[in-house]
Every structure is written in structure tokens, then in C-alpha cells.
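Input: a single structure, listed below in C-alpha cells.
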Protein chains: 2
Amino acid sequence: MAERTHVTLQDVARAAAVSPATASRVLNGTAKVRDDLRERVQDAAGRLAYAPNAHAQALAGASRPTVGVICHDVSDPYFAVIARGIMRVAGDNGLLVMLASTFRDADREVAYVSMLRAQRAPAILLIGSGFEDKTWERSLAAELGPYLRGGGRVAVVSRHRSLRVDSVLPENRAGAAALANALLEMGHRRFAVLAGPRALTTVADRIAGFRSALAGAGVPLSEEDIVECGFTRDGGYAGMSSLIDRGMRATCVFAVTDVMAIGALTALRDKGLSVPGDVSVAGFDDIPIVRDLTPPLTTVALPLEQLGEQAMELALRENSGRRSRIVRVEGRVVIRESTGRVRS
Amino acid sequence: MAERTHVTLQDVARAAAVSPATASRVLNGTAKVRDDLRERVQDAAGRLAYAPNAHAQALAGASRPTVGVICHDVSDPYFAVIARGIMRVAGDNGLLVMLASTFRDADREVAYVSMLRAQRAPAILLIGSGFEDKTWERSLAAELGPYLRGGGRVAVVSRHRSLRVDSVLPENRAGAAALANALLEMGHRRFAVLAGPRALTTVADRIAGFRSALAGAGVPLSEEDIVECGFTRDGGYAGMSSLIDRGMRATCVFAVTDVMAIGALTALRDKGLSVPGDVSVAGFDDIPIVRDLTPPLTTVALPLEQLGEQAMELALRENSGRRSRIVRVEGRVVIRESTGRVRS
DNA sequence: CCTGGAATAGAAAGCGCTTTCAGAAAGCGC
DNA sequence: GCGCTTTCTGAAAGCGCTTTCTATTCCAGG
């Protein structure tokens, strides 16, 4: 019952009757070693179930290729799909990926970045809109800055630009505007919006785009038409419910994310309203599940997996210039059955 | 543009004109240090944006509390919810959690375990059914065994028992049997099953339980009634489609996971069949989204978040005995609108 | 004013590994 | 067989940190 007693390279070397240097060379294939010695080392390593100490390896110069990805919640399909894109590219480049969820807790986010920095991870990817919270951004920047200066790579997806790092940014404004125009074309004139926290830049941008397109058609969107609710399925459910309860007059509801739209659809069903008969619903993101809803959701399709791929590639490719790179990604309006023409 | 040049404790110590030992004591609060020295150190550390090298710290004895969780695919809601449970308990105990997806690739799984082992992570959690693949299990055991002997903690959720480690096991058989009985009671006598890979113990157990309950009522379930398809939404879609195309006679379809049931529901809709009018559909797991489907899915509810919590707690609490601990978790049949009585 | 003991700072060892560096062995042409 | 280059192995340094262990300082009591 040996507690915390690890087999070291020394042990292997001793068992194989060679020097640690030779053992290291064999185990890493760093240099040619005489056949019999090599076999003795491999044998000993196997017999002793030797596992190199990554900390010692890292300290001695060899870097272990594990990149870190930090998001708000891995159980949100939006992140999950992006993460998959990241992992694809990482895998192609022989990198392992580890994910962390912050649950929108600034301290936890900083803790993860700090840990990744301390571990000398070759790259850190941040997914998801940050609050426009100066303190938050500052403490994050305080970690990220030195990390970058130390040779680390950072890329973010869909985060506010105040962090001056390479980023992949969805065209939230334009996408929401295009959606608004499509809905206008169907004859809708009275809208309601299920918004997540307005402080989230993603939310703010989508609302702004939506509103400006409406304004272009002379259709107003007042603050009362916007319900600020949780950025989740339950938030969408609650928001939609309260909208119905206070006598909604809108013919179309825009939920700023698909996840929220899902909650909205269920709320409507529970209240006995039909979609799109009584009210049309549209979302944003095009997460995979929305195709399986009844009715399938009209939304703005973001190439989510690509967002992740681009971010990983950004982190992989060295930035030669001094400015941070920005990749803009467009959304595409996808009309499905959750929206319909307004009966005249 | 200093490349890969990190600020070390030495630098801080020098800047503060103290010894590295003192700097270490200040930064870790390990011992009392004279006020003016302490301030000088803290000042220097801040000014230089010092970040300790986790590798060096770990090597010198201080351990960083980051547990690793390995699953097949974080974008599968089943894992995502379990992972959340794990993170809750981990968070309560001051541990950070990092997730990895293997995409059912044995090599990748071993690579992650090996990495975690090399990093001397205090605990490793494995989620998800493993194939009954001797080679796979053996190479995994080869990593895990020494890790455990070295003081590491391991817990698995829903994996075959051949790995002799602490585990949380859903009662797949009993759950599936209970579901079958409920369906029988609704008058169903002809069933089809959408099965994932049969080599997966989870799949095998659920089918076995389902079948035995049917057998108890004198209802046969032949091999032709079982469609083996991918363990995903698309697999369920494809399986259901082929079932329909070859003239299904069943009045009720049991998909061994909710995710597959989702695909099945959409396939049925695409083929113009109504649920539960033409055919009833039931799943297993009760992932959150199934409540938002139309119709909501009848399923066997597993307390997914609890599975994760239990596993984390298992890994946290030292196992004093010599046998591996097993926590069994029951499922509960939840009847929703995707199943109906058979018209007589 | 001196001694003993309690605080506190610094020196140094060592965690496990990689990697130069130098030395030993081996191969070659003369 | 001698001096030369070419392999290959082992000795040793050092990565950045924690932690004993030792040396100093400081104060109380005599």
C-alpha cells in the first residue's frame, strides 16, 4: 500500500542498468540507442508501469500539448458545438483539449485562466460573450497579457472586443437585421423580443440589429416589447410566460438565442397557443436540436463548428503583425415552420 | 517582444531584495514575514505580473487541485448534465474540473488518462459505457492501475464493471423492464427497439431488461425487431427511417437513449406519421430537452446530475476497504405524451 | 551587561526530468 | 598500428519552486 510513491525515470534507469540520460532518450526517441540497451529500458519501463511526470518534463523544457478551452457552460449546445470544432482542428494538430465551465462566474474564469497559464498551456481559448464588466475584463486582461507576452496564444469566440486578442466574431447585428427583414416580409409588424442579460454584448448587438432593421421599415420596438430574462431555456420559458400573461399583442417573438426560443416554444404550448398559428417564433444560432422541434425553428444559422475551428486555427497560426486579428463570420437566415405569414 | 521569457520567483525575490524562500512564503502565506518585506514582495510580484509555474510547484510538492473528467462527447446532453453534477461537487470542494472528449476513440481515451496521470491530477472520472473490448479495457487498466497505486482516485459512471474501480451504475435492466411493463399495460404487444452498438454494455443491459419484461408477459422480441444504429440523434433518425421503410408493424418503439429517440421522432414526423397516434415512442435517460419536444417523450428518468455528484463524492471519499465501491442508481418511468394506449 | 530562547530570514537541497558536454568506443584511411 | 572522425553513453547542470535546516536578530529575564 505504497502511498504516493511514483516510479521515476531513475528507477527505470536503475532497473535497466543504464543512466537516466539513456533511459530518457529511449523513452522519448530523442536519440539513437544501442539495441540491447533500448530493449532493457523499454522492458523495465513496462514492468514498472512507469509514467513520466509531466511536471518534471515541462520544467525541463519539454512541452505537453494540451490547450485549454473556457466557456460558460459546456452543457449549452451552443458551446458544445463550437467546442467540437475546436477539438477537430486540435486533434488534427496532435493537441489534446481540455474544457472548463465557468458558469459565468468571473472568479472561476480567472482561476481557470490562471491555472492554464501556470501550467504553461500552449493556448487558451475563451468562448462566449463576456459581460461588459470593467473589473472582470481587467482582471482577465491582467492574466492574459503576461501570458501572451510569455509566448502563450489566446483566441476568443464571440466576446467583446475590449479584450485585445485574436477573435472570431459572429455578425450578430447583421444577422439579426436580416432576420428582422425576413419577418417583416412575412407581414409581421408587432414584435416582442426575449432578451438575455442586456449587459452581454451578444445580446445587445442582436437586439440593436433587430431594432435597426425594424426602424428601417418604420416599425417601432419599444422597451416594453423587450423582456430581459435568463440566458437559458428556463429563462426563455419564464420570459415567454410573462409576456403571454400580460396580454402580448405581438405576432412574432424573437428570442436572442435558440436555447431561449426552445423555452419560449414550450411556454406557448403549455399556454395552449399554436406556433406559428397564433404567434411566430424565431431564434438565433441554429443549434442542431432546433430541427427536431415541432415546429422546427426559424433562426439565424451560425456556422458554429466553424467558429471553433477558426478560433483554434487563429491560435495555432502565429500572429506576425502587431494588431490582433479578427475573423468575422456571417449568419444566414433559415426560415422553418415556426414562423408564418401574417393573415391579412 | 521577449519570447517565452517568464517571470520567475527569483525575479520577484531579486526585485524585492529578499531571498526566494521569503518570496515563496509571502506568496503562499506559508509563514509569517516582516511587514515591510511582505509588502516589497507583493509589490514586486504585482509589478512584474508574476505567475507561479505550476509545474515547478507541483514538482516541489505543492499540488494543484484539478480533476479530470473524460467522456465520449461533451456535446451529448447526457454527459453534459452528468458533468454539471460533477462540477457542482468539485466546486464545493475547491477543485477545478477539466473535461475531455474521446469521441469513442480508445487511443484518445488512453492518451487523456495518461496525460492526467502524468500531471498527477488528484482524481480522474470516466463517464460513459465502454465497449466490451478486451484490448481497450486492458490498456486502460494498465494506466489506471499504477495511477491508483500512486495515490490517484478514480471513479466511473455507467461503465462496465470489468474495470475494478469505484463506480456509479444506473439500473439499466430494471429501468428498461419497468418501462416495458408500463408500455405493456398500455396495451402494446408489438415492439421495435432502436439499439445503439450492442457491444456497449449500457445498450445490452437496456435491451436485456426490456426483453425480459416482455417475455414475462409472453410477448416476444425477436432480433428482427431490434435495429442496431448509431448511438446518436442521427443514428436514431436513420434507424427509425429504415424501420418505417421496411414496413414496421410495431405499435411502439423503444429507443435505448433519449438522444436516439429524438432522431426517431423527427424521422416519424418527416414520414408523416403521428406520435402517439400511429406509433408510440419511448426513450431512456430523461435528458432535459425531451420535455420540450412535441410530443414530450416518455422515458426512464435517471437522476443524471446526481450520477455525477455521486461519482465525484466517491472519488473524494477515500476507499478504506479493499473492494471497489458501487453505487447503484434507480431509474423512474415517466409517462409523457409520446406514448398512448393502443386502440382496441 | 550578559545569556537563553523565540522569531524570522537566508542558504541549500532536492522534486523528476531533459539536455548539453565531454569522454569512451568504434570505424576509417594511411 | 596510429591518428583521425564518427557514434553512442554517462555525468552533471539546471528548469522554478518548496522546505528543511541553519544563522541571525531581537527581546526578556537574570
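Lettering follows sequence order; numbering is per chain, from 1. Only a predicted model underlies this, so the values are computations on that prediction, with no experimental measurement involved.
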Could you tell me how far apart [X] ([atom1]) and [N] ([atom2]) are, to the nearest whole angstrom?
X	N	atom1	atom2	result
B/Leu9	D/dC15	CG	P	13 Å
A/Asn28	C/dT20	CG	P	13 Å
A/Leu59	C/dG16	CG	P	12 Å
A/His55	C/dG16	NE2	P	12 Å
A/Arg14	C/dC17	CZ	P	12 Å
B/Arg25	C/dG10	CZ	C1'	8 Å
B/Tyr50	D/dC17	OH	C1'	7 Å

From CA spacing to verdict: salt bridge (Lys or Arg N to Asp or Glu O under 4.0 Å), A/Arg88, A/Glu305: CA-CA 9 Å; A/Arg88 248 224 41 243; A/Glu305 202 157 332; 5.3 Å; no
Which nucleotide sits closest to the side chain of [X]: [options]?
X	options	answer
B/Ala21	C/dA9, D/dT19, D/dA12	D/dT19
B/Thr8	D/dC17, D/dG10, C/dT18	D/dC17
B/Val18	C/dG16, C/dG10, C/dT18	C/dG10
B/Arg34	D/dT18, D/dT9, C/dA9	C/dA9
A/Leu37	D/dT9, C/dA9, D/dG16	D/dT9
B/Thr30	D/dT19, D/dT18, D/dG14	D/dT19

Stepwise side-chain contact (heavy atoms from CB on, under 4.5 Å) test for A/Asp166 and A/Ile326: CA-CA 6 Å; A/Asp166 294 343; A/Ile326 297 181; over 6 Å; no
Salt bridge (Lys or Arg N to Asp or Glu O under 4.0 Å) evaluation trace for B/Glu109 with B/Arg104: CA-CA 8 Å; B/Glu109 177 166 59; B/Arg104 295 188 189 287; over 6 Å; no
Using a cut-off of strictly less than 4.0 Å, decide whether [X] has a side-chain nitrogen or oxygen near OP1 or OP2 of [N].
X	N	answer
A/Ser24	C/dC17	no
B/Gln57	D/dT18	yes
A/Asn53	C/dC15	no
A/Thr22	D/dG10	yes

Nearest-nucleotide comparison on DNA chain C, the residue closer to the 5′ end among A/Ala60 and B/Ser19: B/Ser19
5'-most by nearest nucleotide on DNA chain C - B/Ala56 or B/Asp35: B/Asp35
B/His72-B/Phe79 aromatic ring centre distance below 6.0 Å: yes
Nucleotide opposite C/dG23 in a Watson-Crick or G-U pair, distances under 3.5 Å: D/dC8
A/Ala17 backbone acceptor or donor facing A/Arg40 side chain under 3.5 Å: yes
